[in-house]
Every structure is written in structure tokens, then in C-alpha cells.
Amino acid sequence: PLGDARGKLLMVVLGSLWAGVATMLCAAMPTLGPLTLTRFLAGAGAAAVIPLAIAWIGDVIPYERRQPILARFLSGQILGIVFGQVAGGLLGELIGWRAGMLLLGAAHIGAGGLLFLELRRAPNLSPGTGRAHWGEAFASALELLRRPWVRVVLISAFIEGMAMFGAFAYVGAELHQRFDISLGVIGGMLASFGAGALLYVLLAGTLVARLGQTGLAAWGAVMLASGYVILAAAPWLWLAVPAIALLGLGLYMLHNTLQTNGTQMAPDARGLAISLFAFFLFTGQSVGVALAAPVMDRFGARPIFLLAAATLVAVAFWFRRQLVARQQAGH
């Protein structure tokens with residue numbers, strides 16, 4: 001509602017600035033409780049950035065051209081993932097997590113400031129209606145949830161987030177425990193996730209043309225499952241690098257397909273629809289990490305990886321079947 005009222009890109013600016021300030025506050029927190037609260041606040045700001053940017057792309061790019069454009073948009077996220085994984089491990093060892101939080105907060109503020117300057121030069125990039133209609137937005141959200149296709153996309157996004165990130169959150173911890181390697185080395189290895197994702201960005205146009213959305217969802221799930229099975233069974237550390245790269249490639253094949261459908265599942269309320277998509281995805285991530293935590297403590301990450309592999313294949317092929325039925329029905 002705020003994006004529609006004040007302008008989507010303006011809310012991206014404010015979300016980034018909010019996230020930057022809250023992240024820098026994290027560095028001053030003395031105990032885990034206040035740190036958790038400030039991280040929550042930082043997430044509330046950061047969560048505005050990607051969904052509203054995607055909704056803005058959906059407003060200005062025709063549907064038939066949107067998936068390759070979204071893939072290029074993803075390259076920014078992926079480069080952030082690559083840099084963050086490498087820098088996070090190195091900074092944690094060299095200067096500590098508090099200084100790392102300060103640098104991350106400064107990066108948020110810098111990005112928000114640059115986009116603000118762009119909006120000052122071209123204010124028509126972020127039009128708004130002037131007023132946020134919260135009651136109408138809530139009623140519209142309920143109406144959207146009554147649509148069968150919207151429920152299919154949102155349920156798929158929730159389960160994807162739960163399985164993918166519920167397992168991926170423990171890849172570094174598992175490698176550290178199993179192979180006794182440093183955080184810096186783990187950070188470098190996790191960066192191969194971004195390399196796999198960037199490969200998808202480079203090949204997106206060709207893959208979309210050859211496989212279509214149904215093929216991308218199916219093959220993406222197969223690659224995700226293969227990556228997690230390799231991580232669960234790998235007797236040698238070097239196998240983790242191609243396995244993590246497979247996760248990056250497979251996730252963006254599947255997620256970009258879900259994301260593209262998210263932009264079109266309710267064209268009459270695109271901003272709200274993308275907000276719901278992001279809400280279900282982020283909630284799924286949080287639920288997945290929380291559910292996997294006691295398993296990790298007791299049994300390690302291997303059963304988490306295997307369960308994630310099976311779950312991702314199941315949800316992707318369920319979504320694929322629903323998508324085929326929708327296409328055959330002429331939607």
C-alpha cells in the first residue's frame with residue numbers, strides 16, 4: 001500500500017536507508033536479545049527493496065519480455081550474495097562481526113542514497129497515488145487469496161523458501177564441522193552459489209526459449225536436489241564447490257519461474273501480489289531455518305539436505321503440473 005501511495009522506488013530508497021540504520025545499530029547491541037530485535041528491524045526495511053523493485057519492473061515491462069529482464073535484475077542480488085559470502089567470512093575473521101555490521105549498514109545507506117539522487121533527477125520514475133488505502137489493501141489481499149492460481153504460486157514460494165533456505169542456512173556450519181575449515185574458506189566456497197546463479201543469468205534467454213517455464217521449474221528442481229544430495233554424501237571437501245554451484249543454478253531456474261508468475265498472478269493488483277509473494281517466501285525461509293535447527297543440533301545437516309532435496313522436487317513438479325493445466329486452459 002505504501003508503494004502504491006508514495007511510489008514504489010521511493011519506498012525502496014526508504015527501506016534501504018531503514019535497513020542500513022538498523023544494521024548499524026546491531027553492532028552496538030550487548031546481548032542476543034537486543035541483537036535479534038535490531039536484526040528483525042533491519043529485515044523489515046530490507047524486505048521492502050526486492051519485492052517493490054520487482055513490482056515496479058512488472059509495471060513497466062510487458063509480460064512476454066519480463067522473465068529475461070527479471071533474470072538480469074537478479075544479477076544484482078547474485079553479485080551481492082557472492083560478495084557477501086566471501087566478505088562475510090573474511091571480515092568475521094579479520095575485524096569481527098560488529099565491524100562487519102557497520103560496513104553492511106553503510107552499504108545499505110549508500111545504495112539508498114544513490115537511488116535517491118536518481119529519483120531527484122527523474123521523479124516520474126516513482127509515481128504514487130498520494131494515499132495508502134490500508135482497508136482496501138487488506139480486503140484486496142483476502143480477495144487475491146481466494147484465487148486458485150494465486151494460492152498455487154504462493155504455496156510454491158513458501159515451500160521453496162522453507163526447503164531451500166532452511167537447508168542452505170546450515171551448509172557453512174556443516175562444512176565447518178565435517179571438514180574443520182575456517183570461516184574465510186567457507187565464505188569463499190559459498191560464493192560458488194553466486195557463480196551458479198550468474199550462469200543462469202547469462203543463459204536465461206536461451207534457457208527460457210528452449211525449456212519454457214515448465215522445463216525451467218522441473219530441471220531447476222533436479223539440480224537443486226542433486227546439489228543437496230552431493231552435499232549430504234560428499235566424502236571430499238572439493239565436491240562441495242560444484243554442489244553449491246548447482247544450488248545456485250537450480251534455485252534461480254526455479255525461483256525466477258515462480259517470480260515471473262508472481263508478477264502476473266494478479267495484474268490488477270501487482271504491487272500487493274508481489275508483496276504477498278515476498279511475504280510467503282520470507283516466512284517460508286524463517287520457518288525452514290527454525291524447523292531445521294533442532295535437527296542440526298542433534299543429527300547434523302545431512303538429513304536436512306536430503307529432506308530439502310525431496311521437498312524441492314515435489315513442490316516444483318506439483319507447480320509444473322498446475323502450470324501445464326493452466327496453459328492448456330488458455331490462461
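The shown structure was predicted, so the numbers you read here are calculated from the model rather than taken from an experiment.
- Note on Val171: it clusters hydrophobically with Leu291, by side-chain heavy-atom contacts below 4.5 Å among ILVMFWY residues.
- Arg151 contributes atom CZ, which lies 10.5 Å from atom CZ of Phe280 (distance to the nearest 0.5 angstrom).
- Side-chain contact check for Phe116 versus Leu9: every heavy-atom pair is 4.5 Å or farther apart.
- Note: Phe319 and Trp149 meet the aromatic proximity criterion, with ring centroids under 6.0 Å apart.
- Rounding to the nearest 0.5 angstrom, the gap separating the CG atom in Leu198 from the CG atom in Leu249 is 11.0 Å.
- Leu231 contributes atom CG, which lies 5.5 Å from atom CZ of Phe305 (distance to the nearest 0.5 angstrom).
- Side chain of His176 to backbone of Ile181: a donor-acceptor contact under 3.5 angstrom is found.
- Atom CD1 in Ile54 sits 3.5 Å away from atom CD in Gln259 (nearest 0.5 Å).
- Taking the side chain as every heavy atom from C-beta outward, Leu216 and Leu207 approach each other to under 4.5 Å.
- Cluster membership for Ile304 and Leu251, using ILVMFWY side-chain heavy atoms within less than 4.5 angstrom, is not shared.
- Proximity of Tyr228 to Leu307: side-chain heavy atoms (C-beta onward) are nowhere separated by under 4.5 Å.
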Given Val21 and Leu17, is the side-chain contact (heavy atoms from CB on, under 4.5 Å) satisfied, shown in steps?
-> CA-CA 6 Å; Val21 172; Leu17 295 177; 5.7 Å; no
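- When atom types are taken as modelled, the side chain of Ser16 and the backbone of Ile109 share no donor-acceptor pair closer than 3.5 angstrom.
- Among residue pairs with one or both ends in residues 162-174, those qualifying as side chain to side chain donor-acceptor pair (under 3.5 Å) are Glu174-Arg178; sequence neighbours excluded.
- When the side chains of ILVMFWY residues are joined at heavy-atom separations under 4.5 Å, either directly or via intervening members, Val208 and Leu258 end up in a single hydrophobic cluster.
- Across every non-hydrogen atom of Ser156 and Trp318, the tightest pair is OG-CZ3, 3.3 Å.
- Residue pairs meeting the salt bridge (Lys or Arg N to Asp or Glu O under 4.0 Å) criterion with at least one partner in residues 295-321, sequence neighbours excluded, do not occur; the list is empty.
- Inter-residue side-chain proximity for Thr260 and Gln213 is flagged as met; some heavy-atom pair is nearer than 4.5 Å.
- Of the inter-residue distances, the one linking Leu102 atom CG with Trp97 atom CH2 reads 9.5 Å to the nearest 0.5 angstrom.
- Relative ring orientation between Trp238 and Trp236 is described as parallel, the plane-to-plane angle staying below 30° on a 0-90° scale split at 30° and 60°.
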After noting the C-alpha distance and the side-chain angles of Ile274 and Leu52, does the key distance pass the side-chain contact (heavy atoms from CB on, under 4.5 Å) rule?
-> CA-CA 7 Å; Ile274 289 295; Leu52 284 172; over 6 Å; no
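- Annotation: salt bridge (charged side-chain N to carboxylate O under 4.0 Å, His left out) contacts of Arg121 (sequence neighbours excluded): Glu118.
- Residues passing the side-chain contact (heavy atoms from CB on, under 4.5 Å) test with Ile61 are Ile57, Arg65, Arg66, Ile69, sequence neighbours excluded.
- Val49 and Met101 fall into different hydrophobic clusters, where Ile, Leu, Val, Met, Phe, Trp and Tyr residues are linked whenever their side-chain heavy atoms come under 4.5 Å apart, directly or through other members.
- Minimum heavy-atom separation, Phe277 to Ala157: CE1-CB, 3.7 Å.
- Trp219 places no side-chain N or O within 3.5 Å of a backbone atom of Leu211 that could act as its donor or acceptor partner.
- At distances below 3.5 Å, at least one donor-acceptor pair connects side-chain atoms of Arg98 with backbone N or O atoms of Met29.
- A heavy-atom distance below 4.5 Å is not found between the side chains of Val12 and Trp56.
- No path of Ile, Leu, Val, Met, Phe, Trp and Tyr side chains, each step under 4.5 Å between heavy atoms, connects Leu281 with Val153, placing them in separate hydrophobic clusters.
- When side chains are defined from C-beta on, Asn261 counts as touching Leu323, because their heavy atoms get closer than 4.5 Å.
- Under the side-chain contact (heavy atoms from CB on, under 4.5 Å) criterion, Thr283 pairs with Phe158, Phe279, Val287, sequence neighbours left out.
- Minimum interatomic distance between Tyr200 and Met253 (heavy atoms only, all atoms of both residues): CD1-CG, 3.6 Å.
- Residues Val229 and Ala309 come closest through the heavy atom pair CG2-CB, 4.2 Å.
- Close placement of the Phe168 and Phe193 rings is indicated, their centers lying within 6.0 Å of each other.
- Contact check for Leu32 versus Thr36: side-chain heavy atoms found under the 4.5 Å cut-off.
- Atom-to-atom distance recorded for Met223:CE and Leu247:CG is 11.5 Å, nearest 0.5 angstrom.
- Residues Gly250 and Leu224 come closest through the heavy atom pair C-CG, 3.7 Å.
- Residues Ala19 and Ala42 approach most closely at CB-O, 3.6 Å, considering heavy atoms.
- Using a 4.5 Å heavy-atom cutoff, the side chains of Leu144 and Leu154 are not in contact.
- With sequence neighbours excluded, the residues forming a side-chain contact (heavy atoms from CB on, under 4.5 Å) with Ala278 are Pro51, Phe282, listed by chain and number.
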